[in-house]
Amino acid sequence: MKVTPLAIPDVILLEPKVFGDARGFFLESYNQESFRQATGRNLQFVQDNHSRSSKGVLRGLHYQLAPKAQGKLVRVVSGAVFDVAVDVRKGSSTFGQWVGAELSEENHRQMWIPPGFAHGFVVLSETADFLYKTTDYYAPELERCIAWNDPTIGIQWPANINPVLSDKDRQGKALNEAECFE
Ligand SMILES: Cc1cn([C@H]2C[C@H](O)[C@@H](COP(=O)(O)OP(=O)(O)O[C@H]3O[C@H](C)C(=O)[C@H](O)[C@H]3O)O2)c(=O)[nH]c1=O
């Protein structure tokens with residue numbers, strides 16, 4: 001597996017080995033020991049999620065506060081998205097900074113987003129199936145949303161997106177008003 005820490009090195013891009021043959025391909029989408037070696041974290045994931053979105057849908061920027069902060073291991077099995085993580089840990093030297101990468105069925109990339117980061121993505125293809133594992137359970141009462149276009153974060157989303165947002169995401173808070181991690 002190829003392991004690439006991003007500009008905020010806690011966020012890691014993982015590219016599993018793909019075994020192609022005349023039938024198609026095989027890859028290990030998750031291997032606990034490989035993940036531990038790649039991230040130095042021996043984690044238990046407790047939930048698998050799957051969302052399907054059409055082109056231009058933007059989901060995020062979401063995170064759950066402690067004690068239900070979620071680490072996420074995300075991937076795309078059909079289509080393509082631009083995936084983003086934002087450091088919302090007040091004590092971090094990279095607080096308010098973001099990293100992003102294109103995840104797609106073609107590149108098989110996965111992104112490890114630790115607890116303490118807001119997460120979101122925008123769909124680049126006609127549709128995208130987004131699968132991810134989380135290290136804690138869904139806790140809506142602890143879920144928070146930061147505005148996708150907060151100028152103090154300054155995410156460089158792909159050009160010309162006109163995002164389709166949920167009501168919740170349309171009401172995302174500015175980072176300086178949001179409840180963050182200490
Ligand atoms: C996240 C979640 C949602 N739901 C229910 C709650 C709603 O009735 C429905 C849609 O939820 P929501 O609009 O919050 O889904 P997304 O906008 O895809 O939210 C996710 O999108 C961003 C990108 C994330 O990183 C989070 O994992 C998560 O916040 O599914 C559940 O039952 N369990 C869950 O774990």
Side-chain angles (χ1 to χ4, degrees), residues 6 8 10-14 29-30 35 39 41 43-89 92 94-105 107 109-150 153 155-158 161-175 177-181:
L6 294 179
I8 303 173
D10 291 331
V11 183
I12 299 173
L13 211 51
L14 306 168
S29 52
Y30 178 68
F35 184 81
T39 65
R41 292 175 173 238
L43 295 171
Q44 298 296 330
F45 290 99
V46 297
Q47 196 172 307
D48 272 349
N49 297 332
H50 178 173
S51 68
R52 173 173 293 169
S53 308
S54 48
K55 187 166 190 170
V57 166
L58 192 154
R59 296 179 185 249
L61 304 162
H62 304 157
Y63 58 102
Q64 289 187 176
L65 294 173
K68 290 285 186 180
Q70 292 176 314
K72 298 166 188 171
L73 179 61
V74 306
R75 69 190 180 111
V76 171
V77 293
S78 79
V81 309
F82 184 72
D83 200 77
V84 170
V86 179
D87 190 345
V88 290
R89 302 168 299 181
S92 166
T94 52
F95 175 72
Q97 295 183 26
W98 67 279
V99 288
E102 183 171 326
L103 311 180
S104 72
E105 77 180 277
N107 66 27
R109 281 174 173 175
Q110 301 183 13
M111 195 184 289
W112 162 244
I113 301 148
F117 284 76
H119 172 245
F121 64 86
V122 67
V123 177
L124 305 173
S125 47
E126 284 311 308
T127 59
D129 283 88
F130 192 86
L131 276 58
Y132 55 111
K133 308 172 93 62
T134 63
T135 58
D136 214 324
Y137 294 104
Y138 177 54
E141 74 282 2
L142 290 170
E143 188 180 58
R144 300 295 183 270
C145 180
I146 287 176
W148 65 280
N149 57 352
D150 183 334
I153 303 171
I155 296 169
Q156 298 296 307
W157 296 100
I161 63 163
N162 183 17
V164 178
L165 302 166
S166 65
D167 289 342
K168 176 181 71 177
D169 292 353
R170 266 193 289 275
Q171 298 165 53
K173 288 188 177 301
L175 180 63
E177 296 167 357
E179 291 174 85
C180 293
F181 293 79

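Each ligand, and each atom within it, is numbered from 1 in the order the structure gives.
With hydrogens and angles left out, the side-chain atoms of Gln47 and Asn49 include a donor and acceptor closer than 3.5 Å.
Ranking the protein heavy atoms by distance from atom 33 (N) of ligand 1 puts Tyr138 CD2, 3.3 Å first.
Put simply, atom 2 (C) of ligand 1 has protein non-hydrogen atoms near it, under 4.0 Å away. Less than 4.0 angstrom separates atom 16 (P) of ligand 1 from at least one non-hydrogen atom of the protein. Using a 4.0 Å threshold on non-hydrogen atoms, atom 27 (O) of ligand 1 counts as touching the protein. Within the 4.0 angstrom cut-off, atom 10 (C) of ligand 1 has no protein heavy-atom neighbours.
Nearest-heavy-atom check against atom 25 (O) of ligand 1 across His62, Arg59, His119, Arg52 picks out His119.
Once rounded to the nearest 0.5 Å, the distance linking CG of Leu6 with CG of Leu13 reads 5.5 Å.
Within the structure, side chain to side chain donor-acceptor pair (under 3.5 Å) pairs that include any residue of residues 110-121 comprise Asp83-His119 (at least two apart or interchain).
Considering Val11, Ile12, Ile8 in turn, Val11 is the only one that fulfils the side chain to side chain contact (heavy atoms under 4.5 Å, CB included) rule with Pro114. Residue Val76 is tested with Leu131, Leu103, Asn107 for a side chain to side chain contact (heavy atoms under 4.5 Å, CB included); the sole match is Leu103.
Contact annotation: for Tyr132 versus ligand 1, heavy atoms closer than 4.0 Å belong to the side chain alone. Only side-chain heavy atoms of Lys72 come within less than 4.0 Å of ligand 1; its backbone N, CA, C and O stay farther off.
A donor-acceptor pair is defined here as one N or O able to donate and one able to accept, closer than 3.5 Å; such a pair exists between the side chain of Trp157 and the backbone of Trp148.
In this structure, Lys68 is not positioned above the aromatic face of Tyr137 in the sense of NZ or CZ being under 6.0 Å from the six-membered ring centre and within 45° of the axis.
Heavy-atom contacts of Gln47 reach the following atoms of ligand 1: 34 (C), 35 (O) (cutoff under 4.0 Å). The ligand atoms of ligand 1 that sit less than 4.0 angstrom from a heavy atom of Glu143 are 28 (C), 29 (O). Each of the following atoms of ligand 1 lies closer than 4.0 Å to a heavy atom of Lys168: 12 (P), 14 (O).
Not a single heavy atom of Gln70 sits closer than 4.0 Å to an atom of ligand 1.
Nearest heavy atoms, Ser53 versus Val123: CB-CG2, 3.5 Å.
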